[in-house]
Amino acid sequence: MGISKKVRNAIFIGVLCSVSYLAVYFARNILSAVTPQMIEKGVLTTEFGGTLSSMFFTFYAVGQLINGVIGDKIKAKYMICGGLLLSGVANIIFTHCIMERTVATVAYAMVGFFLSMIYGPMTKVVAENTEPVYATRCSLGYTFSSFFGSPLAGVFAAILAWDSVANIGSAALIIMAMVCFGFFLVFEKKGIVKYNQYKAEKSGSKNIKVLIEYKIIKFSLISIITGVVRTAVIFWLPTYISQYLGYSSEKAAAVFTIATFIISFTTFIAVFVYERLKNNMDLTLIIMFSVALVGFALVYFVRMPVMNIIFMVIAVMGSNGAAAMIWSRYCPSLRDTGMVSTATGFLDFLSYMAAAVSSSLFANAVEGIGWKNLILVWLGLMMIGFITVLPHKAILAKLKKENATAA
């Protein structure tokens, strides 16, 4: 029995999105991977690295908010391919003007803005052109790519000079822009991709009400909390390994590569757990935040480098597992609202605004309170996340019932 047309089309769309998104996350993780090398060579300071990352995350976040809305009105082909091309050009400018601080800062901020044109429209085109079960698999693929971009950048950072790695990242973005555009033309011609099949309500207030009914507030809080870990903590991980655990920049890059390679499988694990729990979102989120909470607690108490890294990986995987539920399950489930791109962009905006603020704070905190106390901050965030995902309505209903029985 052959593969059905729906499955085949989902595979085509999923592979194209996953490969494109791998180029995105490879390029955007390069600065993180090469920061220790750049600091050693005097090209970058810890403070300026914090400024760059903060500006990138800020513009990426604001871009998500803006481009998420635009992505519900303009064809994904133009949003995705345009974002890839323009971010590649901006990254070239950043790389070759790194010593001109103002130019470099503006260029890297624009890299973030242009990359924000991709995710919302990508999720929309997947949700609207595949069945829900296949939409999950497709989003699983490019969510994996987003995590796998870190170790891929780490591999190149371990064997090449920082500027060579940056140039490769720019080339990857520009090449993928052209490849992606060509495939979209073919997909449109064959009817694999169609646009605007689902429409949102015309009234803005009704749209907001619909999203609230879909628990957008709860997932907004989760997006903020996990955004700090999956973005800001990961960005500073090579520096943490180098400064706090005492590894050289080369070894830090190698350790970062291995650690993030393992972390990249988080999405598969999270979805596997979710499906084994019979699609119980609340219980899956509770388990993920519990793992993250215990992991960061062990990171705080165990200083031995190897064990510390193992516990750090476990902690990040727990937090990223919770994040995976947003991007792989929750966002594609909004298909019928006609606002997949808008809602996805909004949640990503919150995630990266949190990352932008925290990344800058982390850079200053290292100098002020030190890495060990910073770990306590991460631990506290996981505690807040755990409390947020508890099924409060069910707990209150149970307490009310018990009180009524006692009375």
Side-chain angles (χ1 to χ4, degrees), residues 6 9-21 24-25 60-84 87 113-146 176-177 180-181 183-188 190-202 204 207-208 210-211 214 216 219-220 223 267 323-352:
K6 289 182 178 180
N9 290 350
I11 292 173
F12 288 151
I13 295 172
V15 170
L16 179 62
C17 289
S18 296
V19 175
S20 300
Y21 218 50
V24 169
Y25 267 78
Y60 187 87
V62 173
Q64 284 288 359
L65 195 61
I66 296 170
N67 292 317
V69 176
I70 296 174
D72 275 324
K73 305 179 185 301
I74 295 179
K75 290 182 178 181
K77 172 178 65 180
Y78 299 120
M79 294 294 290
I80 295 172
C81 301
L84 288 166
S87 60
F113 182 83
F114 292 136
L115 286 179
S116 73
M117 296 171 62
I118 298 167
Y119 188 67
M122 183 178 288
T123 302
K124 180 181 177 67
V125 80
V126 166
E128 291 190 347
N129 290 279
T130 64
E131 295 298 317
V133 63
Y134 304 138
T136 297
R137 297 295 181 266
C138 289
S139 60
L140 191 65
Y142 57 77
T143 302
F144 168 76
S145 294
S146 71
M176 271 313 304
C180 201
F181 192 81
F183 272 102
F184 263 108
L185 290 177
V186 174
F187 289 173
E188 290 171 359
K190 292 183 175 293
I192 295 173
V193 170
K194 298 177 182 178
Y195 301 103
N196 299 319
Q197 300 180 68
Y198 299 85
K199 299 289 185 180
E201 296 286 342
K202 292 183 178 180
N207 288 343
I208 295 172
V210 168
L211 290 176
Y214 273 80
I216 190 73
F219 283 95
S220 295
S223 181
T267 303
M325 288 294 97
I326 300 176
W327 315 118
S328 294
R329 286 298 307 158
Y330 178 71
C331 288
S333 75
L334 300 174
R335 180 181 69 174
D336 293 339
T337 69
M339 294 180 287
V340 172
S341 182
T342 298
T344 302
F346 173 70
L347 290 172
D348 231 7
F349 161 76
L350 295 177
S351 175
Y352 282 94

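For clarity, every value in this text was computed on a predicted model and none was experimentally measured.
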Between N67 and I118, does a side chain to side chain contact (heavy atoms under 4.5 Å, CB included) hold up when you go through it step by step?
CA-CA 8 Å; N67 292 317; I118 298 167; over 6 Å; no
Is there a donor-acceptor pair under 3.5 Å between the side chain of D348 and the backbone N or O of T344?
no
Looking at S87 and L84, would you say the former's side chain and the latter's main chain have a donor-acceptor pair under 3.5 Å?
yes
Side chain proximity check, V62 to I66, heavy atoms < 4.5 angstrom:
yes
S145 vs V19 side-chain heavy atoms within contact, under 4.5 Å
no
May I ask you to check whether Y21 and Y119 place their ring centers less than 6.0 Å from one another?
yes
Rounded to the nearest 0.5 Å, how far apart are CD1 of I80 and CG of L16?
7.5 Å
Walk me through it: do C331 and I326 pass the test side chain to side chain contact (heavy atoms under 4.5 Å, CB included)?
CA-CA 6 Å; C331 288; I326 300 176; 4.1 Å; yes
Nearest heavy atoms of M176 and S20, plus distance in Å
CE-OG, 3.2 Å
Return the OG1 to CD1 distance between T130 and I11, rounded to the nearest 0.5 Å.
11.5 Å
Quick one: CZ on F187 to CZ on F12, what's the gap to the nearest 0.5 Å?
6.5 Å
I'd like to know whether CZ of F183 has more than 12 heavy-atom contacts from other residues, nucleotides or ligands below 6.0 angstrom.
no
Taking the side chain as everything from C-beta on, heavy atoms only, tell me whether N9 gets closer than 4.5 Å to N129.
no
Quick check: closest heavy atoms across P121 and G71, and the distance to 0.1 Å?
CG-CA, 3.9 Å
Flag side-chain contact, heavy atom, 4.5 Å: F346 against S220:
yes
Nearest heavy-atom neighbours spanning S116 and Y60:
CB-O, 3.3 Å
Is a side-chain donor or acceptor of D72 paired with a backbone partner of T342 at a separation under 3.5 angstrom?
yes
What heavy-atom pair brings C81 and F184 nearest, and what distance separates the two atoms?
SG-CD1, 4.4 Å
Between S18 and V15, is there a donor-acceptor pair closer than 3.5 Å when you use the side chain of the first and the backbone of the second?
no
Look up atom CD1 in I13 and atom CE in M122, then write down how far apart they are to the nearest 0.5 Å.
11.5 Å
Measure from the side-chain N and O atoms of S223 to the backbone N and O of F219, and report whether any donor-acceptor pair falls under 3.5 Å.
no
Mind checking the OG-CZ spacing from S333 to R329? Nearest 0.5 Å is all I need.
7.0 Å
Looking at residues at least two apart in the chain, or sitting in another chain, which of them share a salt bridge (charged side-chain N to carboxylate O under 4.0 Å, His left out) with K6?
E131
Drop me the distance from K124's NZ to K73's NZ, to the nearest 0.5 angstrom.
9.5 Å
Passes side chain to side chain contact (heavy atoms under 4.5 Å, CB included), K77 versus F181? Steps please.
CA-CA 6 Å; K77 172 178 65 180; F181 192 81; 3.7 Å; yes
